[in-house]
Trainee: 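Quick one: this structure, given as structure tokens, is what I'll be asking you about.
As the structure lists them, so they are numbered: ligands from 1, and atoms in each ligand from 1.
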Amino acid sequence: MEEITLKSGIRMPVIGLGTWKLTGSRCTDAVNKAVRMGYSHIDTADAYGNHEDIGKAISSMDRRKLFITSKLWRDSLRHDDAIASCDRFLKELKTSHIDMLLIHWPNKDVPIEETLSAMRVLQEAGKIRGIGVSNFTVRHLKEALETGIQISVNQVEFHPYLNQESLLAFCKENGIAVTAYSPLARGRILGDDIVKGLAEKHGKTPAQVSLRWLVQKGIICIPKASSEEHMMENLRVFGWELDRNDMKALDSLDRGERLINPGFSEF
Ligand SMILES: NC(=O)c1ccc[n+]([C@@H]2O[C@H](COP(=O)([O-])OP(=O)(O)OC[C@H]3O[C@@H](n4cnc5c(N)ncnc54)[C@H](OP(=O)(O)O)[C@@H]3O)[C@@H](O)[C@H]2O)c1
């Protein structure tokens with residue numbers, strides 16, 4: 001599995017398994033299967049309600065070989081709430097630490113400095129390795145950077161129908177890695193004629209073309225897959241390349257289609 005070295009020196013696997021809507025034994029089984037076939041990066045969140053299901057799978061694994069991302073929900077961003085939530089996550093996940101803890105969504109009602117300082121306390125205590133955010137715009141990132149606390153990752157929706165070039169450029173300039181969520185546009189990209197044409201040209205699948213486009217932009221991807229076939233397919237995005245024209249054709253598919261936009265979002 002290829003990895004990206006973050007500014008902090010932490011190495012983050014480029015492909016991870018998304019687990020939103022995976023719960024119970026389906027989730028435990030999916031994580032077990034994924035790790036057996038070569039995944040090492042698992043993406044979860046308090047809001048997904050599956051920490052314990054993931055904990056069941058990873059508690060018997062070599063923890064040093066795994067990269068676990070989780071996220072603080074919007075109601076846990078006050079200093080003491082963030083600390084207590086992380087302590088609970090560690091118990092639920094049956095782990096000593098979380099590799100990357102993210103603020104799931106920005107919340108204008110809580111000063112960013114308050115949450116980030118709590119995350120620093122968690123980092124200094126060895127409970128989390130990296131500090132990151134999710135669904136942050138350039139405006140939110142500028143505010144966060146003013147605190148002087150290192151932001152390693154911004155996890156955002158990114159796929160050919162939502163090509164967030166300027167956000168990506170800002171993150172690159174500021175040493176923040178981008179993780180793409182919904183990298184397959186929740187399945188919508190798979191029927192696209194251009195994507196299907198490129199898949200045929202390269203002898204790959206539409207899912208692999210979408211993921212490869214992201215990987216070539218230096219983006220970490222966390223496709224969610226529950227079937228073994230999909231999981232395996234999504235891992236096979238290395239050792240081949242889209243050429244410049246392929247990349248341009250995929251870039252041109254952008255239509256600003258945001259699939260995840262809840263009422264509380266601050267886009
Ligand atoms: N930070 C945030 O606010 C946020 C928001 C949304 C998502 N996320 C994270 O990002 C992850 C991925 O996003 P997502 O679940 O929204 O969407 P996604 O990964 O773009 O798409 C998932 C869908 O694609 C299917 N699929 C996966 N691999 C496939 C393949 N190779 N061929 C055909 N179909 C395939 C899956 O089917 P099967 O399950 O049947 O395999 C599932 O229906 C989430 O699970 C979550 O961890 C984060």
Side-chain angles (χ1 to χ4, degrees), residues 12-24 26-27 29-31 33-34 37 39 41-51 53-54 67-74 76-77 93 98-107 132-137 140 151 153-164 167 177-192 195-196 199 202 204-215 219-237 253 257-267:
M12 189 163 176
V14 170
I15 299 290
L17 180 72
T19 66
W20 185 26
K21 299 198 187 290
L22 268 178
T23 52
R26 276 183 68 239
C27 178
D29 289 351
V31 173
K33 277 185 203 151
M37 71 175 72
Y39 282 81
H41 171 188
I42 311 293
D43 182 83
T44 179
D46 196 14
Y48 302 169
N50 60 14
H51 279 163
D53 308 317
I54 292 172
F67 190 102
I68 309 293
T69 296
S70 191
K71 315 183 192 88
L72 294 166
W73 190 241
R74 301 178 72 250
S76 311
L77 301 184
L93 286 162
I98 288 165
D99 296 279
M100 190 59 62
L101 186 66
L102 311 182
I103 297 176
H104 204 149
W105 289 89
N107 182 346
V133 296
S134 176
N135 296 300
F136 272 41
T137 61
H140 295 112
I151 308 292
V153 170
N154 186 21
Q155 184 182 123
V156 295
E157 182 175 340
F158 210 124
H159 44 72
Y161 290 160
L162 185 66
N163 180 4
Q164 303 209 58
L167 178 61
V178 170
T179 300
Y181 75 66
S182 308
L184 308 175
R186 317 206 76 204
R188 282 172 177 74
I189 205 68
L190 308 176
D192 186 279
V195 177
K196 285 200 294 190
H202 289 277
K204 304 290 172 192
T205 66
Q208 289 171 324
V209 167
S210 188
L211 295 173
R212 183 67 210 173
W213 174 75
L214 290 159
V215 168
I219 297 177
I220 297 153
C221 305
I222 47 166
K224 177 255 175 185
S226 42
S227 80
E228 244 171 294
E229 190 194 342
H230 288 164
M231 275 183 210
M232 187 58 91
E233 216 177 282
N234 299 344
L235 271 187
R236 294 190 170 140
V237 293
L253 294 181
E257 189 171 329
R258 196 181 280 287
L259 303 172
I260 310 286
N261 196 359
F264 54 73
S265 71
E266 297 178 13
F267 294 126

Trainee: Between Asp43 and Lys224, is there a salt bridge with N-O shorter than 4.0 Å?
Mentor: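 Salt bridge between Lys224 and Asp43, a charged N being under 4.0 Å from a carboxylate O: no.
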Trainee: Side chains of Tyr161 and Leu253: closer than 4.5 Å at any heavy-atom pair?
Mentor: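 Heavy-atom side-chain distance check passes, below 4.5 Å.
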Trainee: Roughly how far, to the nearest 0.5 Å, is CG of Asn107 from CZ of Arg74?
Mentor: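 So the gap between those two atoms works out to 4.5 Å.
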Trainee: Distance from Cys27 atom SG to Ile54 atom CD1, nearest 0.5 Å?
Mentor: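 If I round to the nearest 0.5 Å, the distance is 4.5 Å.
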Trainee: I'd like to know if the side chain of Glu157 pairs up with that of His159 as donor and acceptor (distance under 3.5 Å, no hydrogens or angles considered).
Mentor: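 Yes, a side-chain donor-acceptor pair sits under 3.5 Å.
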Trainee: Please round to the nearest 0.5 Å and tell me the distance separating atom CG of Leu167 and atom CZ of Phe267.
Mentor: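 Atom-to-atom, Leu167:CG and Phe267:CZ are 9.5 Å apart.
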Trainee: For ligand 1, would you mind listing the residues that have at least one heavy atom less than 4.0 Å away, ordered by chain and number?
Mentor: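 The answer is Gly18, Thr19, Trp20, Asp43, Tyr48, Lys71, His104, Trp105, Ser134, Asn135, Gln155, Tyr181, Ser182, Pro183, Leu184, Ala185, Arg186, Leu190, Ala207, Ile222, Pro223, Lys224, Ala225, Ser226, Ser227, His230, Glu233, Asn234, counting any residue whose heavy atom sits under 4.0 Å from ligand 1.
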